[in-house]
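A short write-up of the structure that comes next.
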Amino acid sequence: RMTVLEKGAPERIERRTVSDLEHAFYPHSFVVPYTDVVHDRAVLELFRGCSQGCRFCQAGYIYRPVRERTVSRLKELARSIIDSTGFEELSLSSLSSSDYTGIVELLNELEQEFGDKYVKMSLPSLRADVSALQLADRVSQSGGVTFAPEAGSQRLRNVINKRITEEEILEAAAQAVASGRRHIKLYFMIGLPTETDQDLEELVFLVQKIVDLRRTAGNRKHAFKVTVSASTFVPKAHTPFQWEPQIALAEIKRRQDFLRQQFRKIKRVDFTWHEAEMSFLEAVFARGDRRLAAVLERAYALGCKLDAWSDSFNFTLWEKAFAAEGIEPEKYAHYRPGLKERLPWEHIDTGLSGEFLRHEYQKALQGEITHDCRERGCVGCGLPDCPIRQVT
Ligand code: SF4
């Protein structure tokens, strides 16, 4: 049982949800910096939540249910944002923008509105399939395209509930190559629950097949490159994988090494990976408890700042901070709690039922998929008063 330390603090904290996104405040007039900034564009949030159910994704669970803005409201917001800020790019943002039900109509409307005003649209977070590629082609036909298969084998994609087949990935990639795209970026995760060396080998085969598409598409005269980016799986609280450990640091490095060696043999592939120690720290804090607060404070006092920039990241300082507070970080990152065990974040009520998360975890281990509740009906996540359940 969680003990309340501060007098008057609630034992249980319920998540607040904006149920009427359509009429909720949205910033449309704000200060625009003079300097170049990393995301130098305006952002239009299409909808909140995601019903895909990828089992590693915390946002997909804690921001349920899906709540969409109407096309007319988005058009009104877009006009107001562009008029007041002067941005020349508008990012149509959400957790999975190709899942917005009015996406084609919205693009039509925005093209009509901004077509002669040199305002460019961008669509981040697209699925790895042909329909998403067609949307990407509408906003930009040049440059690169990004797909996130996340896992190289079908078996592992089923485990994580990434419901996309190899045929669909290859079809989308083939279309990208045929339409003259010169750069395909592929995002994968290593160290996913149940991953074996065979899954990594299949990941390499999949990349090889995508590289080979250029030959079959007869598109050999153009420069062409595939960038493979491999992050490391971080188990997150409030997801079905909260009961899984992260793989050991040495094992992360071994798997990264394996991929590095393999991709060295394939021409036109750039391989990038996330720093193993950084992923380890993420795993410690993603399933941490209140004892880690002292580590954070200590790390800051020792000089840890701006750690997301690799040139500022100093893992030795973090190790010192853990040691000074008597904490063994491995006990957090590599912890496999029992399914009935009370978890340190359970006093935060996201609205989802623990039973649903447990069931999803067990299905993952069996390689069983769960469908999208907006497409084929409620899958029983336990969210009270869910508007989607009432219409599916
Ligand atoms: S309650 Fe059902 S319909 Fe609503 S988000 Fe959960 S699974 Fe989907």
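Just so you know, ligand 1 is whichever comes first in the structure, and atom 1 is the first atom listed for that ligand. These numbers were taken from a predicted model, which means no experiment stands behind them. Throughout, numbering of the chain's residues begins at 1 and tracks the sequence.
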Mind checking whether atom 8 (Fe) of ligand 1 has an N, O or S of C378 under 2.8 Å? no
Partners meeting salt bridge (charged side-chain N to carboxylate O under 4.0 Å, His left out) with E202 (sequence neighbours left out): none
Which ligand 1 atoms, with their elements, are less than 4.0 angstrom from a heavy-atom of [X]?
X    : value
C381 : 1 (S), 5 (S), 6 (Fe), 7 (S)
C386 : 1 (S), 3 (S), 4 (Fe), 5 (S)
I388 : 3 (S)

Modelled atom types, side-chain donor and acceptor of Y63 and Q58, under 3.5 Å: no
Within the 3.5 Å criterion, strictly below it, is a donor on T194 or R155 matched to an acceptor on the partner's side chain? yes
Judged by heavy atoms only, the candidate from C373, P387, P384 nearest atom 8 (Fe) of ligand 1 is C373
Any idea which of R64, R389, H371 brings a heavy atom closest to atom 1 (S) of ligand 1? R389
Can the ring centres of F280 and H334 be said to be less than 6.0 Å apart? yes
Sub-4.0 Å heavy-atom contact, G380 with ligand 1: yes
Verdict with supporting geometry, F313 and E277, side chain to side chain contact (heavy atoms under 4.5 Å, CB included): CA-CA 10 Å; F313 179 56; E277 286 81 4; 4.0 Å; yes
I'd like to know whether F241 forms a ring-ring contact (aromatic ring centres under 6.0 Å, His included) with W243, so could you lay out the CA-CA distance, the side-chain angles of the two residues, the decisive distance to 0.1 Å, and finally the verdict. CA-CA 5 Å; F241 289 156; W243 290 284; 9.7 Å; no
